[in-house]
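Working notes, structure below.
Chain identifiers are assigned alphabetically (A, B, ...) following the order of the sequence lines, protein sequences preceding nucleic acid strands; residue numbering begins at 1 within each chain.
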Number of protein chains: 2
Amino acid sequence: MQQEAVLKKAGLSVTESRKTILELFFASEGALAHADIEKHSSINIDRVTVYRTLQTFVESGIIHQIPTTDNTILYALCKDSCEAGHHHDEHVHFICVSCNKTNCLDDVMVPMVKLPKGFLPIQTAMIVKGTCIDCRN
Amino acid sequence: MQQEAVLKKAGLSVTESRKTILELFFASEGALAHADIEKHSSINIDRVTVYRTLQTFVESGIIHQIPTTDNTILYALCKDSCEAGHHHDEHVHFICVSCNKTNCLDDVMVPMVKLPKGFLPIQTAMIVKGTCIDCRN
DNA sequence: AATGATTTGCAATATTGTTGCAATATTTTT
DNA sequence: AAAAATATTGCAACAATATTGCAAATCATT
Ligand SMILES: [Mn+2]
Ligand SMILES: [Mn+2]
Ligand SMILES: [Zn+2]
Ligand SMILES: [Zn+2]
């Protein structure tokens, strides 16, 4: 079980809920929102548990968050290199306006940018909206 | 009145609510969330009107949205050059983790980035988290 | 298998967002 | 300037989303 290994590596208890949610992420094409998980047909986990699990996964470096402009947070699996408190996912995220899937472009690094004097950057996110490769016919 | 001019230029009716909300944006240091406006002491506008006004302002190119990872949308004034349906605010946004203010870095353009073959970009956002100039003592 | 620690689900509550519609305000026409 | 037409607002009701405390269930450790 890949899921168990991930949980153990993160120092988390291995529970049914966590395995199931993690499985969803592994099986999923793109990023997932809370609602996607809660409403997934094959899942029957309490809303509250979903909230708490996502939070735990973020804190443990298992998933990372993707900002949006629709009162939603998207989550996607981290690379192996991520650790608790120190994520390492400075890649670009692509939101397709056609199929509405959000993909991690793992190979496209977020470029550096020169900030005005006095601004000290800690973390940078880059979100590109457009048409994804599957939707370009 | 600067507010009236902006509304008229956008082809919108000039109403008290709109002037008041616009005034808040002009007076504000950083970006505003819906809750900031609704809860602002000097304001007494119905929640629904705030929602509708923000939506109208976005559609009219008066304000633009800033994505976040906290189930919130931030809004900030557009430059003059923005028009309905065609925003022109491809600047970097800076979220200070200390004072929690979000600033438009109007002079820092979002850099181009080379996407994998097949991905067609329409709009790009860049959000930098860190410590702002006011919070660096 | 027993113990202790952690996680889960439920219930209650709070917050946030949406919709229809009548009253009001604004703009346009006369 | 008044009347008519149009657009906006606030209310009420509702829907959806998020948070908290706590007892029951599950998991890790012995
Ligand atoms: Mn990602
Ligand atoms: Mn901006
Ligand atoms: Zn697509
Ligand atoms: Zn600051």
Side-chain angles (χ1 to χ4, degrees), chain A residues 1 3-25 31-63 65-75 84 100, chain B residues 1 3-25 31-63 65-75 84 100:
Chain A
M1 292 265 162
Q3 289 90 307
E4 290 205 18
V6 171
L7 292 170
K8 280 183 179 154
K9 185 184 163 197
L12 298 176
S13 317
V14 177
T15 71
E16 280 309 309
S17 305
R18 288 175 179 171
K19 280 194 288 184
T20 307
I21 292 178
L22 204 41
E23 195 170 0
L24 252 192
F25 276 105
L32 297 173
H34 172 97
D36 297 325
I37 298 171
E38 191 190 331
K39 285 162 191 157
H40 193 91
S41 48
S42 79
I43 265 191
N44 200 20
I45 302 177
D46 191 87
R47 295 174 54 62
V48 179
T49 303
V50 175
Y51 281 117
R52 296 196 269 225
T53 303
L54 289 173
Q55 187 183 332
T56 302
F57 282 4
V58 169
E59 286 166 358
S60 307
I62 295 176
I63 59 179
Q65 302 179 307
I66 305 164
T68 72
T69 47
D70 60 357
N71 289 309
T72 241
I73 307 172
L74 292 173
Y75 300 89
N100 211 33
Chain B
M1 293 265 162
Q3 288 92 306
E4 290 205 17
V6 172
L7 291 171
K8 280 185 178 152
K9 185 185 163 197
L12 298 175
S13 316
V14 177
T15 70
E16 279 309 308
S17 305
R18 289 176 179 169
K19 279 193 288 186
T20 307
I21 292 177
L22 205 41
E23 195 170 0
L24 252 192
F25 275 104
L32 297 174
H34 171 96
D36 297 326
I37 298 171
E38 190 189 331
K39 284 161 191 157
H40 193 90
S41 49
S42 80
I43 265 192
N44 200 20
I45 302 178
D46 191 85
R47 302 170 46 63
V48 179
T49 302
V50 175
Y51 281 117
R52 296 196 269 225
T53 302
L54 289 173
Q55 188 183 330
T56 301
F57 282 4
V58 169
E59 287 166 358
S60 308
I62 295 175
I63 60 179
Q65 302 178 307
I66 304 164
T68 72
T69 49
D70 60 357
N71 289 310
T72 241
I73 308 172
L74 292 173
Y75 300 88
N100 210 33

When you measure only distances, ignoring hydrogens and angles, does the side chain of B:Arg47 come within 3.5 Å of the base of D:dG10 through a donor and an acceptor?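 No pair found.
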Residue whose closest nucleotide on DNA chain D lies nearer the 5' end, B:Val48 versus A:Lys39: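 Checking each residue's closest nucleotide, the 5'-ward one belongs to B:Val48.
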Between B:Asp46 and A:Thr72, which has a closest nucleotide on DNA chain D that is more 5'?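 Nearer the 5' end of the strand: B:Asp46.
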First of B:Val14 and B:Arg52 reached from the 5' end of DNA chain C, by closest nucleotide: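 Checking each residue's closest nucleotide, the 5'-ward one belongs to B:Arg52.
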Where [X] and [Y] come nearest, the two heavy atoms and their spacing:
X	Y	answer
B:Leu24	B:Ile43	CD1-CD1, 3.5 Å
A:Ser13	A:Leu7	O-CD1, 4.4 Å
A:Gln3	A:Leu22	O-CD2, 3.7 Å
A:Asp36	A:Ala31	OD2-O, 4.3 Å

Protein-nucleotide distance ([X], atom [atom1]; [N], atom [atom2]), rounded to Å:
X	N	atom1	atom2	value
A:Glu38	D:dT19	CD	P	13 Å
A:Ile37	C:dT8	CD1	P	13 Å
A:Asp70	C:dT18	CG	P	10 Å
A:Asn44	C:dT8	CG	P	14 Å
A:His34	C:dG17	NE2	P	15 Å
B:Arg18	C:dT27	CZ	C1'	12 Å
B:Lys8	C:dT26	NZ	C1'	11 Å
B:Glu16	C:dT26	CD	P	6 Å

It should be established whether [X] places a side-chain nitrogen or oxygen under 4.0 Å from OP1 or OP2 of nucleotide [N].
X	N	answer
B:Asn71	D:dA18	yes
A:Thr49	C:dG9	yes
B:Ser13	D:dA7	no
A:Thr15	C:dT8	yes

Side-chain contact, heavy-atom cut-off 4.5 Å: A:Phe57 with A:Ile21?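 Sidechains of A:Ile21 and A:Phe57: in contact.
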